[in-house]
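Below: the structure, in structure tokens.
Atom set for the values below is all heavy atoms of this structure, side chains included, hydrogens, waters and symmetry mates excluded. In listed order, ligands and their atoms are each counted from 1.
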Amino acid sequence: MDESKIINGKEISDIIKAEVKRETEELKAATGITPGLAFILIGDDPASEVYVRSKGKACDSLGFYSVTEKLQSNVSEIEVLDLIQRFNDDNNIHGILVQLPLPRHINEEKVIEAIDYRKDVDGFHPVNFGRLVIGSSSYIPCTPYGIVELLKRSKVNTNGANAVVIGRSNIVGKPIANLMLRKEINSTVSICHSATNDLRDFTLNADIIIVAMGKAEFIKSDMIKEGSVVIDVGINRVDDTSKQRGYRLTGDVDFNSCFEKVSKITPVPGGVGPMTIAMLMKNTLDSAKGKIYR
Ligand code: NAD
């Protein structure tokens, strides 16, 4: 196996976290400011608990201050909004993250819009999203931001490339498509989704394919072009009796069948996944520095 084809997200995210840690020490020494991140976790979804715990651990290891408020699943919307307001007003908090998904009785849009956009380190607030599209300074959602860093640091030539994004979610598909359009990336972008008539028609012409579908191993070797770069965002659980836990994690791309054809590819796990937390830390540090909004 030609290891040089693999874009190693674990390695790249470790480099970014080391950069953030060093800059955090410098910021503390120069200003006394410690980057602070508040997590709001509602209910007891095991996956959400794992995500918040690992983000909290990242805060500890990089020298951030963090606080987690765990609320019962029957908490009222107004209580959640009040808590957000408290963190909006707290000068020790530079980033607020409400772990999604929320219980059905809580309006996700209202919650996201209640976060002060200057502390919206997830980049989901309409102000940040709008500024991202315009190309102004904003918080960039962490997974798309991580993809951009993977492409840059792996020296993928994006200039004039045909980039195909599969998936149109607000957290991955739409923001990454807009980022790929930016002058410094300069790709020609197509966005495919569940109503796209002939997906292969797009993927077979793609120099770069970014897949965020949530469909295990959907993209096969006969759907991609020789020499293409494949970024696999998907995280899917598939049954696997050979594993003690009864399942394995896999991406939206059939890694083994595509490997021969690609020039570069991200594995799952160990590709896009680890980048998400690294970019959350970077956004929070930038908030503490007043780099995005002064
Ligand atoms: P989503 O689940 O909100 O939407 C999936 C998208 O795929 C939709 O826009 C849909 O139109 C498109 N789609 C579905 N079937 C299709 C088909 N046959 N052809 C073309 N398009 C099709 O998406 P999401 O929240 O962006 O998540 C996508 C995947 O990425 C999931 O597996 C999720 O777990 C993973 N994810 C990973 C990270 C990470 O940190 N690595 C972060 C976010 C999401």
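Under the 4.0 Å criterion applied to side-chain N and carboxylate O atoms, K282 and D286 are assigned as salt-bridge partners. Taking a cutoff of 4.0 Å between a charged side-chain nitrogen and a carboxylate oxygen, E19 and R153 qualify as a salt bridge. Under a 4.0 Å N-O distance rule, the pair R104/E77 does not qualify as a salt bridge.
Scanning the protein heavy atoms around atom 17 (C) of ligand 1, the nearest turns out to be M213 CE, 3.4 Å. Summary of contacts: the protein heavy atom closest to atom 20 (C) of ligand 1 is H193 O, 3.1 Å. Nearest protein heavy-atom contact of atom 43 (C) of ligand 1 is V172 CG2, 3.7 Å. Closest protein heavy atom to atom 22 (C) of ligand 1: S194 N, 3.5 Å. For atom 9 (O) of ligand 1, the closest non-hydrogen atom of the protein is R168 N, 2.9 Å. Considering only non-hydrogen protein atoms, atom 42 (C) of ligand 1 sits nearest to T143 OG1, 3.3 Å. Counting protein heavy atoms only, atom 39 (C) of ligand 1 is closest to T276 OG1, 3.7 Å.
Once rounded to the nearest 0.5 Å, the distance linking OH of Y247 with CG of D240 reads 11.5 Å. We find the OG-CD1 distance between S190 and I209 to be 11.0 Å, quoted to the nearest 0.5 Å. Atom CG of D116 is separated from atom CD1 of I93 by 12.5 Å, given to the nearest 0.5 angstrom.
Contact atoms of ligand 1 toward G167: 6 (C), 7 (O), 9 (O), 12 (C) (distance under 4.0 Å to a heavy atom of the residue). Taking every non-hydrogen atom of K215 and a distance limit under 4.0 Å, the qualifying atoms of ligand 1 come out as 14 (C), 15 (N). Shown in contact with F218 at under 4.0 Å from a heavy atom are these atoms of ligand 1, numbered in order with element: 18 (N).
At least one side-chain heavy atom of Y145 sits less than 4.5 Å from a side-chain heavy atom of N283.
At a heavy-atom distance under 4.0 Å, only side-chain atoms of I166, from C-beta outward, approach ligand 1. Heavy atoms of V233 found under 4.0 angstrom from ligand 1 belong to the backbone as well as the side chain. With a 4.0 Å cut-off on non-hydrogen atoms, I235 touches ligand 1 through its backbone as well as its side chain. The proximity of M275 to ligand 1, defined as any non-hydrogen pair under 4.0 Å, does not occur for either the backbone or the side chain.
A donor-acceptor pair is defined here as one N or O able to donate and one able to accept, closer than 3.5 Å; no such pair exists between the side chain of K220 and the backbone of C258.
Cation-pi check for K119 over F87 is not met; the charged atom does not lie both under 6.0 angstrom from the ring centroid and within 45 degrees of its normal.
A side-chain donor-acceptor contact under 3.5 Å links Y293 and N128. At a cut-off of 3.5 Å, with distance as the only test, no side-chain donor of S48 or Q99 sits close to an acceptor on the other residue.
For atom 6 (C) of ligand 1, the nearest non-hydrogen atom from the set G214, S169, A212 belongs to A212. Here atom 41 (N) of ligand 1 lies nearest to G273 when heavy atoms of P141, A216, G273 are compared.
For ligand 1, the polar-atom distance check finds no N/O of D252 at less than 3.5 Å from any of the ligand's N/O atoms.
Residue I171 places a heavy atom less than 4.0 Å from ligand 1.
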